Amino acid sequence: MTGHYQIVLADLRERTRRFGFLATIGLAALLGYQIVAGVFHLRLGAYRGVLNSAWIGTLTALTLGFFLSLVGFFLVRGSVERDRSTGVGQVLASTRMSRIGYVVARFAANLIVLLTVVAVLAVAAAVMALLHAEVPGLDLGPLLAPLVVIAVPVAIVVAAVAVFFDCVPALRGSTGNVVYCALWLITLPFAGGGLLGFTAVEGAASATLRSGGFDAPGGIVLGVGEHDELTTFLWAGADWGTIAVGRLYLIVVATLLVAAAIVAFDRFASADARPTARLKRRRRTAAPAPPSPPAPPAPGSVASDEHRSGFLTEPVVRSSHPVACFAALVAGEFRLLIAGRSVFWYAGAATLVIAALVLPIDAVRILLPIAWIWPVVPWSESGGRARRHGVDALLGAAPSPVLRQLPAAWLSGVLLALAIGSGALVRFLAYPELLVGFAAGALFIPTLAIALGTAGAGERVFQVLAMVAWYLGPLNGVAPLDITGANYAALAAGVPIGYLAAVPVLLVATVASATARVTR
Amino acid sequence: MELQILELGKVYRRGVVALREITLRAEPGVIGLLGPNGAGKSTLMRILATVARPTSGSVLWNGTDIGKRPDALRRELGYLPQDFGVYPNLNAVEFLRYLAAAKGLTGRPARRRIDELLEYVNLTDAAHRPIGGYSGGMRQRVGIAQALLNDPQLLIVDEPTVGLDPAERARFRDMISHLAGERIVILSTHIVSDVEAVATSIAMVAGGRLLRHARPADLVGELSGRVWTTLHRAGDTADLERSGLVVRMVRRPDGVECRVVSDRAPDPSAEPAEPTLEDVYMALARDGQPVEPRIAERA
């Protein structure tokens, strides 16, 4: 037990000393401030609760649940992968550590980190109750109860989902990030209300309104903006005990997820060197073991003549054509983008190209943003790939590392956009007005990816931004986020042109950022 | 062909001093950079490889300040960092082609050079396997191959034999010996035998300072008549450690054979021994001070 406690403690120390943790706590504090400042509001149709401890607690709990369900996952995921990549996992695996103990310890560390965020927001809610309450006074019970009943179960589930994603091989790394984002976006509209507590609060608040003689209030909305025009009602809180019982299924879900993670956890048996089936086949057909190297010379001696005659006789010829040299570099960068993807990834990309060639043009306009979600993982690695794999020192010692390698990496990203969007591009040639949207997407998305990667933002930032923009823009018609102009309103408003204009700005910032890194 | 390091200094954030006014001149041959962990060797290598900048001083490559014009050196530079990575999904040929393109080598000449290098580092049979499946030694050999891609005039290798088996280490030393005639090779290591075998001169670094830069024979000669071996009973070496620097202890059935650096015999039974570079290194590594003055103080 002490060993597992130490695993949790070491994990917490490692995480809480990272910039990402501090940034998230800062973000939570900012969120709390915005709640305090009244930026967020909660309403039922045309009604809102009077700002008392109970309403402030409910508002904070719902906001926090929403925040934790997305940002919280990315805050805590990756601890198992970190143990794997740093080699700490191999050391742990050589101890008596049990799979159950390790996974539960990781889950516990995830949960403690998320509960820290809950605690920050609880303090913010108390401050709000003291400073901005329309009913003076701080009533801790009604203030904290919704946090415990609504936000804490969300934290428990998110902590379990994160450890599950970390332990299931197919969900590790960037693929898991995109899958989680997609699941979050897809399930939010129909299951989010229950999971995040909105349905329970809506039911209780509606009952309160009806008992006060008000009309049916309509749906619950957590939003931003003015709320002074809303009619107020007195909210003394819900029957949190009953709601808590109704949310116990989330604890069961979390337990099942942790159990599944324990089953899936390989105890770090799958080291990087584990041969794939393809590799095994190659090994079987490979030539016998390499010949032994020649006998070493005596210390201080130089190589024998026989040795010299076979040593690096090939002259080195530098390319005199800068274009050929750059093209070779672009080819290398493009290979890096697509190498190592699964067969399904290539099949999906081919399907998207073919579908764009045969579907009606209006469907193609919606399909194109989906096609450009497909390479979100390779794009997200741009800019930070060399650093992540420890190749940056090798590239940094080559001539003009920024002015040659960076443009090649950027161009390869654009080429990938063109390749996967090629079906749509062929169709859009007959509709010239749509080409500006295509150009905006093909240029802006990979440029944003490499800009964030070069700035050291990490792959998750781009992945989340791309998924959210895709969901809100093309799918839900939020025009400012509709980069490709999939909806006519965005196209008419010139949104794609705005994104096109941002490309050179981002490129300049990327070059500046890369130069600063190289010349440290 | 000349590399000049002039009063080079590097101070990291929070005031951590990595290098202090290092001045050194290098001509074709192998310079062994020897020093304990944390001596500043890797920082010096990174500055020479143009991937880090000094906070003071300069480095001149054939008279050109590489701080101002790094590309003047990068075209002629081969660099094998201590901690380098690979792209695990590429095979060795693809990875080397990528780095060859970054160094300005393309087409058939690049392919031929890569084939030759892979053969030399004994990776031809594994050349088309993803590097992610390579052993540590194989990855190190890929690193050596990439450093030689552009036939560098300045070859900087930082702890190059880490992860190599004894035969591979010997082969690598052989290669360094061969290369040294035509170019400057800077070999950083704390494995004394690696340096002893190939270096034409040795620079000893500790605490960010250059303590000595001399030919191996001169360094060893400074300890002439000051190295002793003596046999002591097990657990009875405290007196010995007070009388000199114990650089090695070997347990034997009849006691502990100690090798001591001291101006006079540490005990009546001590016998003089031939000094080695390891004695010099151990004397340096113990307290990071130049060997000669410290011994002089004791005398």
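No experiment lies behind these values; they were computed from the predicted model shown.
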Undergrad: Side chain, backbone, both or neither: which part of A:Ala386 has a non-hydrogen atom closer than 4.5 Å to chain B?
TA: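 Both backbone and side chain.
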Undergrad: Donor-acceptor check, side chain of B:Asp194 to backbone of B:Arg173, threshold 3.5 angstrom: yes or no?
TA: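 The answer is no, because no donor-acceptor pair under 3.5 Å joins these two groups.
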Undergrad: Can you tell me how far apart CG (B:Leu277) and CG (B:Leu34) are? Round to the nearest 0.5 Å.
TA: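 Spacing of CG (B:Leu277) from CG (B:Leu34) equals 6.0 Å.
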Undergrad: Can you tell which of B:Thr200, B:Asp151, B:Val86, B:Ile156 has the highest number of heavy-atom pairs within less than 4.5 Å of chain A?
TA: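 Top count of heavy-atom pairs under 4.5 Å with chain A: B:Val86.
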Undergrad: Under 4.5 Å from any heavy atom of chain A, what part of B:Leu149 do you find: side chain, backbone, both or neither?
TA: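 The answer is the backbone of B:Leu149.
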Undergrad: Just give me the residue among A:Gln405, A:Arg341, A:Arg385 that pairs up with chain B most often, heavy atom to heavy atom, under 4.5 Å.
TA: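 Between A:Gln405, A:Arg341, A:Arg385, the count favours A:Arg385.
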Undergrad: Could you check which of B:Pro216, B:Gly143, B:Ala110, B:Ala102 has the highest count of heavy-atom pairs closer than 4.5 Å to chain A?
TA: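 Greatest number of close heavy-atom pairs with chain A: B:Ala102.
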Undergrad: Less than 4.5 Å to any heavy atom of chain A: does that hold for the side chain of B:Asp71, its backbone, both, or neither?
TA: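 Interface part for B:Asp71: side chain.
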Undergrad: Assign the ring pair A:His389 / B:Tyr87 to parallel, tilted or perpendicular, where the plane angle (0 to 90°) is split at 30° and 60°.
TA: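 Ring orientation of A:His389 relative to B:Tyr87: perpendicular.
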Undergrad: Does B:Arg74 make a cation-pi contact with B:Tyr79, if we ask for NZ or CZ under 6.0 Å from the ring centre and within 45° of the axis?
TA: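 No, B:Arg74 does not lie over the aromatic ring of B:Tyr79.
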Undergrad: Do you know which of A:Ala331, A:Ala408, A:Gly332, A:Ala398 has the most heavy-atom pairs with chain B at a distance under 4.5 angstrom?
TA: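 The answer is A:Ala398.
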Undergrad: Count the heavy atoms belonging to other residues, nucleotides or ligands that lie under 6.0 Å from CD of B:Glu119, then report whether that count exceeds 12.
TA: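 No, because the 6.0 Å sphere around CD of B:Glu119 holds 12 heavy atoms or fewer from other groups.
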Undergrad: Quick one: closest heavy-atom pair of B:Pro152 and B:Gly78, and the distance?
TA: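 What the structure gives for the nearest pair is CB-N, 3.2 Å.
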